[in-house]
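Beneath this line is the structure, given in structure tokens, with notes to follow.
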Number of protein chains: 2
Amino acid sequence: MITPPAYTDSSGTDNTGTSPLVLPGKRMVLGADRPMPLDGGGQLGPFTVAYQTYGTLNADKSNAILVCHALTGDQYVADRHPITGKPGWWEMLVGPGKPVDTDRFFVICSNVIGGCMGSTGPHDVNPATGQPYAIDFPVITIGDMVRAQTLLIDALGIDQLFCVIGGSMGGMQVLQWAVAHPERVFAAVPIATAARHSAQNIAFHEVGRQAIMADPDWRDGAYQRADTNPARGLAVARMAAHITYLSEAALHRKFGRNLQSRQAITFGFDADFQVESYLRYQGASFVDRFDANSYLYITRAMDYFDLAAEHGGQLAQAFRVNGRGTPVRFCLASFSSDWLFPTSESRAVVHALNAVAANVSFVEIETDKGHDAFLLDEPEFHQVMRGFINGCADHRGLKRRV
Amino acid sequence: MITPPAYTDSSGTDNTGTSPLVLPGKRMVLGADRPMPLDGGGQLGPFTVAYQTYGTLNADKSNAILVCHALTGDQYVADRHPITGKPGWWEMLVGPGKPVDTDRFFVICSNVIGGCMGSTGPHDVNPATGQPYAIDFPVITIGDMVRAQTLLIDALGIDQLFCVIGGSMGGMQVLQWAVAHPERVFAAVPIATAARHSAQNIAFHEVGRQAIMADPDWRDGAYQRADTNPARGLAVARMAAHITYLSEAALHRKFGRNLQSRQAITFGFDADFQVESYLRYQGASFVDRFDANSYLYITRAMDYFDLAAEHGGQLAQAFRVNGRGTPVRFCLASFSSDWLFPTSESRAVVHALNAVAANVSFVEIETDKGHDAFLLDEPEFHQVMRGFINGCADHRGLKRRV
């Protein structure tokens, strides 16, 4: 584990001067000396970033892998989630001897800003008012999330990340890292993602937001003050989103038209079909661990993501560094049955990287598991990850074990 | 136009004896003498079926085409909708000189039972209580919808329909007609439909129902008595469903990431993107013309639809009549970009029909318009419809004009 930098203070009370502050439970206060500028024009600071680490940072701090989490993910990549008690969301990929081998690499994952697992978000107190931000929290972007991560990496004393890896919204952050900070990223692994959010994906997000905002308990966002919780709206949002994470084939394989009981249909509105019961469970359990306003903010950040737009509409331009192709080594992966971030979106990134003669490999994994495949047991995918990461690490001269 | 049968009474007040009663505005009271049995075990009667007709019924009543409407459709196939003021929903296909030519055919379309455009549904008064049925209305099936249609056709004195045609849930009714009443259907045209509702489609319907039931104004279904309306929940349900009616390509072509204003994104939760504004409009306008409980009942009827289940799990068995293949002539159409009722679902029906050596033709129309293509300007589709219907009509010996 890393030693906290000398300038930090674990008491969590004395946030003086120009230095970040390490709070108990791996939370870092950043932007205290100089607020962090936001893409929307405002600024944020001081703010907290909550993070987890796995493995050991080597002496020259060259073996760090930043894992970026997806929309409803968090920093608990490879250890038990403090609310749900479930294993980390990427334990199949990250751990000792795993494709992202914590015997070799120092893995960091931080909760995105706007989130609700310890990093500053709309549920936190706005120092200007003494009340929760709610929807006075500034609308943030993928760029802002990455900006906050750069401050964390700075505070950890890491100049260059060996690798940035993530799926879905995590993949957007990977792309943003590579484009905004090519000198700080040795290798980038964007998985099941896109360089911009599609109209269909914006549409699904808008349905989720409208479901939350339609819940009278949302109270124009100020539900904490009203001591209410738009849990019904958030559950509906989650149910709609969850369908998009699976493929039609996976739903058919897992549930088909199977009934909850072995008896016949009940001619009513209870959950006759297993797929209904499953969805209801997904909605009900989600509200225990997620904040409705965070859902609004993070979906909005994804909707706004459009790498090419910031580069004259030419995605390839995003990957040009000083007139040449980016030095970052890329490995992209998509899943054949993913209709939320279909392979064509990954191909568009690959084509742009090819156009600047960047170092890129790409694999489409054959699976019926849909978008969620990146979180599931997909041996071919894990093998590709292991091969690419270890190959890059050898090239970078990293030891097999720290 | 047909002459009302001698035994009907247009006053709408004298519902005596064993005969149906024609109400003004093309509403027929049915099941007064003998309630109609329902698949769920209960019965319904007397009940009203509201319908529209176009063209003229010929002397031997052999030129009738029954159009079956989809989930949120109604009987206003080819004339102005009384609430929205918009043209009929299938005017491209039905009218004088159109593929379903009202100069040659007598076209009937009735609002499904459970609906909210004049046929008896959950918003109507339960004679047993004097209060709106709300969720005391019996849960109905596609079979029940068709059973009500057979009573209407009986009342109109029609022994055999020349053709039954419909898309989506309308196509389910077409299949049900052909299977349950093969002797009363000369030709059947199921469009963009399936012999059973898939797990993914059940899942999307369940999201819609949960959105409605999550709205506190739903009041456990008794919103009419409470003088409330779960409009927010119903709008969210419609928004989610509407995405499934379009293809990703169509959403990209129509909206892409275009902004509402020509200016930049607003960093807020207003509808920045055109696709958001479009969806919000779809939700808001839908609630003006549709009843939330009807939405629950009709989606449930679709979920329950499974033709094979009633025939030992063998779809082909559904198309066997007296040990031989059904005499009904079929023409199926699907649309290449329809992911709600994909071509594979139509193919499954075609394979079952082939297995009993039935008379079937099938076409997949290449289009990027998704499921809604059956309602839109698709010249190849319309040409196929015209060819099949006129060919069958010639074979049936129907005159070119009544």
Side-chain angles (χ1 to χ4, degrees), chain A residues 38-42 135 138-141 196-200 202-207 209-211 213-217 232-233 235-236 239-240 242-243 246-248 251-252 254-258 265-269 271-276 278-280 283 296 300 303-304 306 309 339 342, chain B residues 38-42 135 138-141 196-200 202-207 209-211 213-217 232-233 235-236 239-240 242-243 246-248 251-252 254-258 265-269 271-276 278-280 283 296 300 303-304 306 309 339 342:
Chain A
L38 297 171
D39 285 337
I135 55 167
V139 168
I140 44 117
T141 64
R196 63 183 199 172
H197 218 218
S198 72
Q200 189 179 63
I202 295 171
F204 275 116
H205 275 177
E206 174 67 0
V207 168
R209 287 190 294 264
Q210 290 296 317
M213 296 185 186
D215 188 331
D217 286 339
R232 287 168 300 185
V236 169
M239 289 172 66
H242 199 82
I243 301 173
L246 307 176
S247 70
E248 199 276 339
L251 280 167
H252 181 71
K254 286 170 81 158
F255 305 109
R257 295 179 50 84
N258 295 342
I265 54 177
T266 64
F267 292 94
F269 297 108
D272 270 358
F273 296 101
Q274 287 177 11
V275 68
E276 295 177 295
Y278 171 77
L279 271 189
R280 289 184 189 187
L296 301 182
R300 203 51 165 164
D303 292 352
Y304 281 165
D306 186 351
W339 57 279
Chain B
L38 296 172
D39 285 337
I135 57 168
V139 168
I140 43 117
T141 65
R196 63 182 199 173
H197 218 217
S198 73
Q200 188 179 65
I202 294 171
F204 274 116
H205 275 177
E206 175 65 0
V207 168
R209 286 190 295 263
Q210 290 295 319
M213 295 183 184
D215 188 332
D217 286 339
R232 287 167 301 186
V236 169
M239 288 173 66
H242 198 82
I243 300 173
L246 306 176
S247 71
E248 200 275 338
L251 280 167
H252 181 71
K254 285 171 81 159
F255 305 110
R257 294 179 50 83
N258 295 341
I265 52 178
T266 63
F267 292 95
F269 296 109
D272 270 359
F273 295 101
Q274 287 177 11
V275 69
E276 296 176 294
Y278 170 77
L279 271 188
R280 289 185 188 187
L296 301 181
R300 203 51 166 163
D303 291 353
Y304 280 165
D306 186 351
W339 57 279

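First the proteins, then the strands, lettered A, B, ... as listed; each starts at 1.
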May I ask you to name which of [options] has the most heavy-atom pairs under 4.5 Å with chain B?
options	value
A:Arg300, A:His252, A:Gln210	A:Arg300
A:Ile140, A:Val236, A:Asp217	A:Val236
A:Gly41, A:Pro216, A:Ser198	A:Pro216
A:Phe255, A:Tyr278, A:Trp339	A:Trp339
A:Gln274, A:His242, A:Arg209	A:Arg209

Worksheet entry | Within-4.5 Å side-chain heavy-atom neighbours: A:Gln200 and B:Ile243 |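 With C-beta onward as the side chain, the pair touches.
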Worksheet item: Are side-chain heavy atoms of B:Met213 and A:Phe269 found at a separation under 4.5 Å?
Response: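 They are in side-chain contact.
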Worksheet item: Is any side-chain N of the basic residue among B:Asp303 and A:Arg257 closer than 4.0 Å to the acidic one's carboxylate O?
Response: no
Worksheet item: If you measure from the Lys or Arg side-chain nitrogens to the Asp or Glu carboxylate oxygens, is any gap between B:Asp215 and A:Arg232 under 4.0 Å?
Response: no
Item to complete: Please flag which part of B:Leu296 lies under 4.5 Å from any non-hydrogen atom of chain A: side chain, backbone, both or neither.
Response: both
Discussion item. So for B:Asn258, is it side chain, backbone, both, or neither that comes closer than 4.5 Å to the heavy atoms of chain A?
Written reply: neither
Discussion item. For B:His205 and A:Glu276: C-alpha separation, side-chain torsions, deciding distance, then whether side chain to side chain contact (heavy atoms under 4.5 Å, CB included) applies.
Written reply: CA-CA 9 Å; B:His205 275 177; A:Glu276 295 177 295; over 6 Å; no
Worksheet item: Sequence neighbours excluded, which residues qualify as salt bridge (charged side-chain N to carboxylate O under 4.0 Å, His left out) partners of B:Arg196?
Response: none
Worksheet item: For the candidates B:Ile135, B:Leu251, B:Ile202, which exhibits the highest count of non-hydrogen atom pairs separated by less than 4.5 Å from chain A?
Response: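 The option with the most such pairs is B:Ile202.
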Worksheet, complete the sentence: Scored by heavy-atom pairs under 4.5 Å with chain A, the best of B:Gly256, B:Ala203, B:Ala235 is B:Ala203
Practice prompt. With sequence neighbours left out, write down each residue that passes ring pair (Phe, Tyr, Trp, His ring centres under 6.0 Å) with A:Tyr304, or none if nothing qualifies.
Written response: B:Phe267
Fill in: Straight-line distance of A:Ile265 CD1 to B:Thr141 OG1, nearest 0.5 Å
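One gets 8.0 Å once the value is rounded to the nearest 0.5 Å.
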